[in-house]
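I have placed the structure first, in the form of structure tokens, so that the comments after it can refer back to it.
Every heavy atom of this structure was used, including side-chain atoms; hydrogens, water molecules and symmetry mates were not. No experiment lies behind these values; they were computed from the predicted model shown. Each chain gets a letter, A, B and so on, in the order its sequence line appears, and its residues count up from 1.
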Number of protein chains: 2
Amino acid sequence: MNKKTRVTSYDVAHAAGVSQSAVSRVYRPGVSVSKKTREKVIKAAEDLGYKPNAIARMLINRSTGMVAVIISSRANVNFPEVLAQLNKHIAVKNKRVLLFTLDDADQLEMVMEQIFAYQVDGVIALTAHFEPDSVTQFAKHNIPVVLYNRELPDHSVSSVCCNHDQGLRMLVDILVSHHHQHFLIMAGPKDSDVARARLNGARNALLAHGFTDTTVIYGDYSYDSARECLSAYAQKNPLPTAIICSNDSMAIGAIDEIRQNLGLRVPEDISVVGFDGISASCWHSYQLTTVSQPTYFMTKAAVETLINLIENPEVPPETRYWPGKLIEGNSVAAAPRDDD
Amino acid sequence: MNKKTRVTSYDVAHAAGVSQSAVSRVYRPGVSVSKKTREKVIKAAEDLGYKPNAIARMLINRSTGMVAVIISSRANVNFPEVLAQLNKHIAVKNKRVLLFTLDDADQLEMVMEQIFAYQVDGVIALTAHFEPDSVTQFAKHNIPVVLYNRELPDHSVSSVCCNHDQGLRMLVDILVSHHHQHFLIMAGPKDSDVARARLNGARNALLAHGFTDTTVIYGDYSYDSARECLSAYAQKNPLPTAIICSNDSMAIGAIDEIRQNLGLRVPEDISVVGFDGISASCWHSYQLTTVSQPTYFMTKAAVETLINLIENPEVPPETRYWPGKLIEGNSVAAAPRDDD
DNA sequence: ATGAAAGCGCTAACAC
DNA sequence: GTGTTAGCGCTTTCAT
């Protein structure tokens with residue numbers, strides 16, 4: 001009943017009448033111990049309520065079994081799903097997730113210190129504000145890093161990405177094949193890499209069809225921001241026939257704004273496309289045409305890439321791209337007659 | 001450039017020409033060191049790329065600064081938000097979240113072993129399959145536990161809960177005041193505590209108005225399950241005038257099913273209420289009448305309760321209830337004329 | 001197969 | 001204010 005001090009392998013050794021190293025051996029996989037001592041030790045351990053201390057083990061093994069996952073709290077809405085899946089895949093590999101939030105660039109230093117201090121086996125970064133310099137620092141300390149949906153050209157890091165360009169090409173192709181000519185791009189927050197990638201993807205896809213200088217309005221990935229920025233835009237500008245939104249939440253916000261406040265129909269008057277394939281995108285009221293990210297495969301790949309890097313530090317970094325999958329809903333129709 | 005061995009405080013001490021403990025002092029808050037040595041140490045540390053090793057520190061301090069958060073992956077849809085907020089509050093307290101997933105009862109043993117091994121400072125459990133026995137075990141090892149939205153009567157644990165009874169009373173009162181008499185309860189998964197609490201809350205609230213034996217159908221908290229179970233029910237039974245759903249996702253599924261496949265209107269023909277106050281609940285197409293959980297306050301309270309328990313092990317466990325907040329949308333209307 | 005002894009990298013008395 | 005010393009609880013040679 002001593003509450004101050006915890007039960008150690010010495011206590012167990014004493015109670016079992018064996019040496020401390022015997023106890024240690026019992027709790028290590030692939031070490032030979034005689035049946036007799038093993039039983040004595042197990043018995044004593046149970047009586048005393050002994051649990052091996054992983055912290056002490058880490059100090060010697062130089063491996064904590066922990067993977068730092070860095071997220072930003074106001075990221076794209078599908079991040080929670082990504083986090084849950086990463087966690088499961090990491091658990092399968094018998095490691096644990098240590099969570100870090102990075103919202104502002106000025107927290108970077110502190111978060112990095114923490115991550116180093118905790119001696120994690122590797123890092124998966126889902127966040128912006130993770131600059132080339134951070135990557136270099138991790139490399140210097142031999143901590144493997146995998147970026148999720150973020151590329152750092154010329155800074156050899158492994159990354160796992162959805163091919164946003166290809167996804168937006170599919171979406172734009174559909175709009176163009178429906179004879180749309182007047183577009184509006186609703187982009188995500190300017191400091192998000194994914195948002196930037198999708199914006200560029202949309203621009204390039206439009207360019208490929210000869211549409212230059214498409215107007216861009218900026219939301220923050222949220223439903224409300226979409227309604228606000230579309231409303232503001234509509235008050236001073238002629239409406240497009242198609243809106244390309246950088247994620248599904250904003251696309252749904254745009255649809256509601258069009259229907260409720262602009263008094264128009266989707267898709268008859270205005271077509272809307274999104275990105276992500278969140279569950280709400282196929283709800284009956286929206287039936288969004290969008291591109292879904294293969295989250296399951298991407299998260300699995302991220303974890304496997306990281307584990308591989310941890311076990312074989314010499315393998316070169318690789319970038320793996322996954323194509324998005326087009327989901328044709330009911331939010332795109334032929335462009336209304338053009339009155340130009 | 002030695003990659004095998006990391007730099008320790010001894011290396012820094014050697015380079016700076018001071019003792020190892022001098023280095024240690026520089027990296028500990030509230031310890032006095034002369035400006036001169038501090039500078040020498042900092043300089044040497046930067047040159048060598050020294051980072052204090054938190055693992056070694058933990059071994060002595062008996063505090064890892066880690067809090068285990070146990071989630072189940074197929075939990076209610078608002079858990080990701082809860083997790084993100086818990087993480088932020090924990091970070092503010094200068095601790096870190098170590099994530100564990102507990103999906104099946106038979107993983108319990110393993111997860112418990114892990115949590116013990118990692119010597120976490122405390123545990124926040126958001127999961128089912130967390131039996132009284134688990135609580136007892138943690139108590140035996142003096143590891144503070146806080147349950148989130150889960151009560152274990154007679155097993156003194158601290159918990160932070162939304163008052164589901166009160167929330168459902170508000171919802172039922174609204175339906176009754178709109179003259180509804182024919183109800184249907186759409187409950188969540190049977191192995192979820194929250195779902196059970198909400199089911200009981202609905203039953204009791206109806207009972208208080210004299211409605212007994214209300215029919216219950218079971219979904220799994222998801223949009224799709226709501227559509228399926230409502231569709232199956234509607235094929236063989238007369239429809240109610242009001243459906244009480246155990247969460248918003250199912251309420252939205254019910255609304256879509258009613259509108260699209262049953263050919264009826266919400267709220268004119270059938271009223272629907274939900275629970276949670278997820279962001280989609282106020283989207284224009286649904287405008288759900290629901291009760292929102294004060295997630296911010298609940299997560300904050302959970303963390304504060306835990307920290308308090310960590311710092312003062314003698315404080316008695318407490319259960320804190322938070323009332324839900326009624327959000328009146330546009331999914332409830334007067335009951336259609338009763339033809340009985 | 002088992003025990004003794006030497007650390008892993010740090011903190012915390014204790015002298016000076 | 002600084003250095004010395006003794007651990008924290010374990011793993012890992014090295015003898016036996």
Side-chain angles (χ1 to χ4, degrees), chain A residues 2 4-42 44-45 48-66 113-114 116-121 141, chain B residues 2 4-42 44-45 48-66 113-114 116-121 141:
Chain A
N2 190 339
K4 290 262 152 51
T5 166
R6 26 191 174 188
V7 190
T8 75
S9 53
Y10 278 97
D11 302 330
V12 177
H14 185 84
V18 297
S19 77
Q20 181 273 336
S21 30
V23 177
S24 170
R25 280 191 262 265
V26 170
Y27 288 91
R28 252 171 313 141
V31 179
S32 62
V33 195
S34 76
K35 193 167 278 178
K36 215 167 183 173
T37 24
R38 161 164 273 122
E39 277 165 9
K40 279 194 291 186
V41 168
I42 298 278
L48 299 173
Y50 170 72
K51 311 276 173 187
N53 183 332
I55 304 299
R57 199 173 267 175
M58 291 174 193
L59 198 53
I60 300 166
N61 290 341
R62 275 99 185 299
S63 164
T64 55
M66 300 192 291
E113 293 296 317
Q114 298 270 5
F116 282 126
Y118 275 93
Q119 311 282 125
V120 297
D121 294 345
H141 291 264
Chain B
N2 190 340
K4 290 263 151 50
T5 169
R6 25 190 175 187
V7 303
T8 74
S9 53
Y10 278 97
D11 302 331
V12 177
H14 183 86
V18 296
S19 78
Q20 181 272 334
S21 35
V23 177
S24 171
R25 279 192 260 265
V26 170
Y27 289 92
R28 253 175 307 148
V31 179
S32 60
V33 195
S34 77
K35 192 167 276 179
K36 215 168 184 174
T37 28
R38 160 165 272 118
E39 276 165 9
K40 278 195 292 187
V41 168
I42 297 277
L48 298 172
Y50 168 73
K51 312 276 175 187
N53 183 333
I55 304 299
R57 196 174 273 174
M58 290 175 195
L59 200 52
I60 301 167
N61 290 342
R62 277 98 183 299
S63 164
T64 54
M66 299 192 292
E113 292 296 317
Q114 299 270 5
F116 283 126
Y118 274 93
Q119 311 282 124
V120 297
D121 295 345
H141 291 264

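Here the side chain of B/R57 is nearest to one of D/dT12, D/dC10, C/dT11, namely C/dT11. Closest contact between the side chain of B/R28 and the listed nucleotides D/dT12, C/dA12, C/dC10 involves C/dA12. Closest approach to the A/Y10 side chain among C/dT2, D/dC10, C/dC10 is made by D/dC10 (side chain taken as heavy atoms from C-beta onward). Comparing D/dT2, C/dC10, D/dG9 by their closest approach to the side chain of B/S9 singles out C/dC10. Distances from the side chain of B/L59 to the nucleotides D/dG9, C/dC10, C/dG3 place D/dG9 closest. With D/dC10, C/dT11, C/dC10 as the candidates, the nucleotide lying closest to the side chain of B/S24 is C/dT11. Set against D/dT2, C/dG3, D/dT11, the side chain of A/N61 has D/dT11 as its closest nucleotide.
Atom CE in A/M58 sits about 15 Å away from atom P in D/dG9, given to the nearest Å. The distance from atom CD of B/E39 to atom C1' of D/dT2 is 17 Å, rounded to the nearest whole Å. In this structure, B/R38 atom CZ and D/dT2 atom C1' are separated by 14 Å, rounded to whole Å. Here C/dG9 presents its P atom at 16 Å from NE2 of B/H14, a figure rounded to the nearest Å. Atom NZ in B/K36 sits roughly 13 Å away from atom P in D/dG3 (whole-Å rounding). Between B/R62 atom CZ and D/dG7 atom P there is a gap of 13 Å when expressed in whole angstrom units. At whole-Å resolution of the value, OH in A/Y118 and P in C/dG9 are 18 Å apart. A straight line from CD1 of A/I60 to C1' of D/dG9 spans 8 Å, rounded to a whole angstrom.
Considering only side-chain N and O atoms, B/S32 lies under 4.0 angstrom from the phosphate OP1 or OP2 of D/dG1. Put simply, A/S21 has no side-chain N or O that comes within less than 4.0 Å of OP1 or OP2 on D/dT11. The side chain of B/S19 places no N or O atom within less than 4.0 Å of a non-bridging phosphate oxygen (OP1 or OP2) of D/dT2. Checking the phosphate oxygens (OP1, OP2) of C/dT11, no side-chain nitrogen or oxygen of B/N53 falls inside 4.0 Å.
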Sequence neighbours left out, cut at 3.5 Å: what donor-acceptor pairs do the side chains of residues 25-33 of chain B make with other protein atoms?
{"residue": "B/R28", "atom": "NE", "partner": "B/S24", "partner atom": "OG", "Å": "3.3"}
{"residue": "B/R28", "atom": "NH2", "partner": "B/S24", "partner atom": "OG", "Å": "3.0"}

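With values rounded to the nearest 0.5 angstrom, B/T64 atom OG1 is found 9.0 Å from B/I55 atom CD1.
A residue-by-residue look at A/Q20 and A/K35 shows that A/K35 has its nearest nucleotide of DNA chain C further toward the 5' end.
Checked by distance alone, A/R25 brings a side-chain donor or acceptor within 3.5 Å of a matching partner on the base of C/dG3.
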